[in-house]
Amino acid sequence: MNAPRENDPTELDRFKRDIDLVDYAQRQGYTIKKESRRGDWHHLVRDEEHLVVTRKGDHQVYLNTGDDRDAGSIIDFAKTRGGDGHGLNLGQVRQQLREYLDGAPAPARVYATPPDNARLSNLPVGDPEQARQAEEERRTRLISEVLGVKKELTDRSYLHGRGITDETLDSPAFQGRIFTAQQNEHKNTAFPLYNEHGLASVEQKNEHYKSLLPLPKNGIWVSHPTDGKDTPVERVVVSESAIDSLSHFQLKHSQDPKNTLYIATSGTPTEAQIALIQRVIDKQAPQEVVLANDRDAGGRQFNINYLNELQPARPLVPVAEQEAYREASRPVEWHATSDKYHTSLKVTFHHDSAEQGAAQVQQLSERVEKINSTQEAGPSLAVEVQRSTEQATIVRLTVARADTAQLEVVAQELYRQREQLRAEAERQQESFLRVDYPLAKDFNKELEYTNQGLSAEQIRAAAQREEQQRESERQQRLAEVQRQERQQRALEREAQRARENSPEAQQEREQDDKRFTQAVLGAAADADRPTRSYRSEQEAREQTAQFTHLKDAGVVLLRDWMHDNPPPTGRNAREEESLVSQNQRPTRAEREAIAAVGDEKVATWRVDELMPNTTGRAEAWRAILESDGYIRTSEVRSTVDEQGIRRAEFDMHYRNDQREIALIHAIITNTSARAAAGNQKYAGISISESEDDQATRRQAAIQAELQPRNSHIRQQAPPEAEVAGHAEERPIGVEKKVLIEVTETVPAPGTRGQAEAVQDAVEASGAKVGEVHSSTDEHGRRHSEMLVSYRTDQPELGRISQTLDAIAQQPGSEVNEHSRDRGERHEAASRSLEAKPPVQQLER
C-alpha cells in the first residue's frame with residue numbers, strides 16, 4: 001500500500017484510531033502498573049512519571065497525572081516524547097507514526113462492552129479468587145482469539161519480506177514458536193510470550209502492523225535450543241524482538257554453531273521479564289549470554305541494565321525448610337533510566353567506611369573527567385553525589401541521550417570493578433556477558449544489507465549514510481517549520497501595523513491625547529497656576545507619548561507579571577501592598593538610605609523608541625518600576641541616532657536580601673523573555689547585567705519568603721482596568737484529575753468497604769468519580785483505585801476540596817495529586833461560595 005501524502009487530512013485521525021497507545025507507550029519504556037478488568041483504562045509508569053490511558057470516542061487518550069498540560073492523543077504523545085525525547089514537530093510526528101504503522105489499517109485495542117451494573121452489584125465485593133479467575137479468563141480469551149484453535153505457521157510472507165529464509169524458519173530452534181494469527185481478512189505473524197505458568201501474551205506483526213495484547217508484560221519470547229529440545233544450552237542471545245533473534249541466527253549461527261537459545265522481550269524489558277531471563281539462565285546454565293540489542297540509545301540503556309542484573313546460573317540453597325537462589329554479593333550496582341532529553345545512571349557503592357566510598361567516587365570522577373576530555377564539543381558527562389553514609393554512597397551520572405554510549409563505557413568499567421571486589425568464588429567468567437551490536441541500526445537491517453550483497457564495511461557506510469539522510473531530512477523539516485513560523489510572525493506584524501494605522505486606531509489616539517490635555521489643563525486650573533502651552537506640536541507629542549506608553553506598555557510589566565507568575569503560599573505583591581498603608585511606604589530618601597546598606601546590584605535597562613522623533617518611553621518604564629516602592633532607579637540617560645531614534649537607558653538598583661527579590665527576579669527575567677520572544681509591547685527593550693549577578697539573584701529568589709504566584713488559571717484584566725485600579729482576578733476553569741488509592745482489609749462478602757465509602761463521599765461532593773478497581777495481595781489486603789475529576793470553576797469546588805483533604809487524612813487512603821494542582825485547588829476553593837465544613841469521618 002502506498003504511503004499517504006504528506007498533507008493527507010485523514011492521516012492523523014487514522015493514527016489515533018489504529019495505533020494502540022498503550023502498546024506504543026510500552027515500546028517507549030512505560031510499563032503497565034494497573035489496568036481495569038475490562039481494559040478500558042490503564043495506569044502506565046516510567047521512572048516517576050504516571051500516565052492514565054483511557055478511551056475517548058474511537059481512539060485512546062492519555063493524561064500525565066503530574067502535569068495537566070501533558071495530555072491528548074497518540075499525536076500529542078509522539079510529539080512530546082519523540083526525537084529521542086527532544087520533541088517532534090507535526091511533520092516529524094507523521095513520519096514517525098507512519099513508519100510505526102506504515103500506512104496500513106490496523107485494528108485498535110479491543111475493549112470489552114460495558115458491564116451490566118445490576119449484575120455486578122449482586123456480586124460479592126473483594127473476592128480475590130473471583131478476580132484471579134476473571135483475569136485468567138480474559139487472558140485465555142485474548143490469546144485464543146489471536147492463535148485460534150489450531151496453532152501453526154501457515155503464512156510466511158511477512159517473514160520472507162523481512163529477509164528470513166525457510167531454512168531459518170525450519171530450524172529446530174523455532175518450531176512451535178511462531179504462528180499465523182487470522183483476524184478477519186488479515187493474517188498476521190504471531191510470536192507467543194511465555195512465563196513459568198505457560199502462555200502469557202502474544203505479539204503480532206505484519207508489514208504495516210504490530211501489536212502486543214493488553215496483558216501484563218511478564219512473559220518473554222523464547223526459542224528452543226538450536227540443536228533441538230532438551231539439549232544442553234551453551235549460549236543465550238537476548239534481543240529486543242523475535243525478528244532480530246531470527247536475523248541474528250541467520251547472520252551469525254553458521255559462523256559459531258554453539259547450541260543457542262534465543263530470547264526476545266518485545267520492546268523495552270520490564271522487571272518481570274529481566275527476572276524471567278535470569279530464571280532461564282538458572283535452568284539452562286549457559287557458558288555465555290550475548291546482548292544483541294539495537295545500536296541506539298534505547299538498546300545501550302538495556303545493555304547497561306542487563307550488565308548489572310544478569311549473572312551465571314544461581315545455585316539453590318535451603319532456607320528454613322525451603323529453597324532459594326543464592327545471589328552473589330553486589331559491592332557495586334547501577335541502573336540506567338531516561339527522560340525526554342537525557343539518560344541517567346544511578347550508581348551505588350557499598351563499602352565498609354566513608355573513606356573507602358570517597359576513594360571509589362574519586363576513581364569514578366577521574367574516569368568521567370578522562371571521557372569528557374576527549375569530547376570535541378566539550379564535557380558531556382555530569383557527576384553528582386546524591387547521598388553518602390558509612391556503608392553506601394550513591395552517585396548519579398547524566399548525559400544527553402545521543403551520548404548514552406559514554407554511560408555504557410562507564411557501566412562496562414563498573415562491571416569489571418565489581419568482579420574484582422567480589423570474593424573469588426563469586427566472580428563471573430570474563431566472557432560470560434558479551435555485547436554484540438549490529439553493523440546497522442538493528443540485526444534485521446543488517447540482514448537486509450547482507451542480502452543485498454554488501455560487505456561489512458559497505459553496511460557500516462550504508463547505515464551511516466542512512467542516519468545522515470534521516471538527520472538531514474529532520475533538519476530540513478525543522479528549517480521549513482522555522483520558515484513558516486517566521487512568515488506567520490511577519491504576517492502578524494503586518495496585520496498589527498494595519499490595525500495601528502487604521503482610522504479607528506488614529507481616532508482612539510486622538511481621544512487619548514484630548515483626555516490627557518484636558519486633565520493637564522484641569523490640574524493646572526485647580527492649582528491656580530497659569531495654563532501651560534506647549535512650545536510646539538513635537539513637545540505635545542512627547543508629553544502625550546509618556547501617557548500612552550504608560551497605559552499600553554509600561555503597566556503590562558508589573559500587572560502582566562503578577563498574573564503570569566507565582567506565590568504557591570503567602571501573598572502576592574498586590575495583597576502584600578494592601579497590608580501596608582500608603583503613609584507607611586518608604587520615601588525615596590529612605591529607600592536610598594536602605595539601599596546603601598548591603599551588596600547593591602545594578603541591572604541596566606535599555607529602552608529604544610519605536611519611531612523617530614518620539615520620546616518618553618524609557619520614562620514610562622522607569623515610572624512603573626518605581627511605582628510599587630521597592631525598586632530604585634537612576635535618572636534616564638539618552639542619545640539620538642542618525643535616524644532620529646532615541647536610545648535611552650537607566651539603572652535599576654536592588655539587593656538580594658530584599659524580601660521582594662523574587663518579584664524583582666520575575667520582573668527582569670519575564671521582561672527579557674518577552675522581548676526575546678518578539679512581543680511587540682517589549683520591542684526595543686533589553687536588560688544587561690553580569691552573569692554572576694544573574695546567578696546570585698536567581699538563588700536568592702528561590703529562597704525568598706515572598707514568591708510570585710502560579711496563575712495559569714487566572715484571567716488577565718485589560719490594561720485599562722489595571723490603570724483605573726479596578727483589576728479583578730476571575731478564574732478560568734480547567735479540569736483536574738486525581739488518582740485515589742485505598743488499602744484495607746478485604747471486607748466481608750456482601751458488605752461494602754472503605755473504597756466504596758470513599759467513592760460515595762467524592763461523588764456526593766460534586767466531583768466525577770470512576771469505577772473502583774480492586775485487587776487483593778497475598779496478605780489479604782485489598783488495594784483499590786479510582787479516578788476522580790473536577791473543574792476549578794465548579795461551584796462545589798470548596799466541598800470537593802474539603803472532601804479530598806479529609807480522604808487524604810483517612811488511614812489507608814492516599815490522594816495522588818501533583819503538589820501544584822493541590823495548591824491551586826486550595827487557592828480556588830478558598831474563593832468558592834459553596835465551601836462547607838470538612839468531612840470528619842467517612843461512613844462505611
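The first residue of the sequence shown is numbered 1, and numbering continues consecutively from there.
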- Task: Can you label the angle between the Phe650 ring and the Trp605 ring as parallel, tilted or perpendicular, going by 30° and 60°?
- Result: parallel
Evaluate salt bridge (Lys or Arg N to Asp or Glu O under 4.0 Å) for Arg497 paired with Glu494, printing each intermediate quantity in order.
-> CA-CA 5 Å; Arg497 283 194 291 269; Glu494 184 66 29; 2.8 Å; yes
Problem set entry | Heavy atoms from other residues, nucleotides or ligands near CD of Gln468 exceed 12 (cutoff 6.0 Å) | yes
### Query
Would you call Lys16 and Asp58 a salt bridge, using N to O less than 4.0 angstrom?
no
Note, Thr604 side chain near Arg637 side chain (heavy atom, < 4.5 Å): yes
Practice prompt. Decide yes or no on side-chain hydrogen bond (donor to acceptor under 3.5 Å, both in side chains) for Arg499 and Gln496, but give the supporting numbers first.
Written response: CA-CA 5 Å; Arg499 287 193 296 269; Gln496 178 67 22; 2.5 Å; yes
Check: Between Arg825 and Leu797, is there a donor-acceptor pair closer than 3.5 Å when you use the side chain of the first and the backbone of the second?
Finding: no
OH (Tyr24) and CD (Gln96) are apart, to the nearest 0.5 Å, by 3.5 Å
I'd like to know if Arg489 and Glu492 make a salt bridge, using a cut-off of under 4.0 Å between side-chain N and carboxylate O. no
Practice task
Evaluate salt bridge (Lys or Arg N to Asp or Glu O under 4.0 Å) for Lys601 paired with Glu689, printing each intermediate quantity in order.
Solution key: CA-CA 9 Å; Lys601 306 294 183 183; Glu689 57 183 329; over 6 Å; no
- Message: If we count only N and O atoms by modelled type, under 3.5 Å, do the side chains of Glu480 and Gln484 hold a donor and an acceptor together?
- Response: yes
query = Can you find a heavy atom in the side chain of Val636 that is under 4.5 Å from one in the side chain of Val607?
reply = no
Result for side-chain hydrogen bond (donor to acceptor under 3.5 Å, both in side chains) between Gln469 and one of Glu473, Arg465, Glu466 points to Glu473
dist Tyr62:OH -> Thr80:OG1 (nearest 0.5 Å) comes out at 4.0 Å
**Prompt:** Would Arg98 and Gln95 count as having a side-chain donor-acceptor pair, cut-off 3.5 Å?
**Reply:** no
- Query: Are the side chain of Gln60 and the backbone of Leu21 linked by a donor-acceptor contact shorter than 3.5 Å?
  - Reply: yes
Report yes if the side chains of Gln658 and Ile664 come closer than 4.5 Å at any heavy-atom pair, otherwise no.
-> yes
Smallest heavy-atom separation, Leu63 atom then Ala71 atom, equals CD1-CB, 3.8 Å
| said: Salt bridge or not between Glu735 and Lys768? Use side-chain N to carboxylate O under 4.0 Å. | reply: no
Closest heavy-atom pair, Arg622 versus Glu635, reported as atoms and distance to 0.1 Å, is NH2-OE2, 3.4 Å
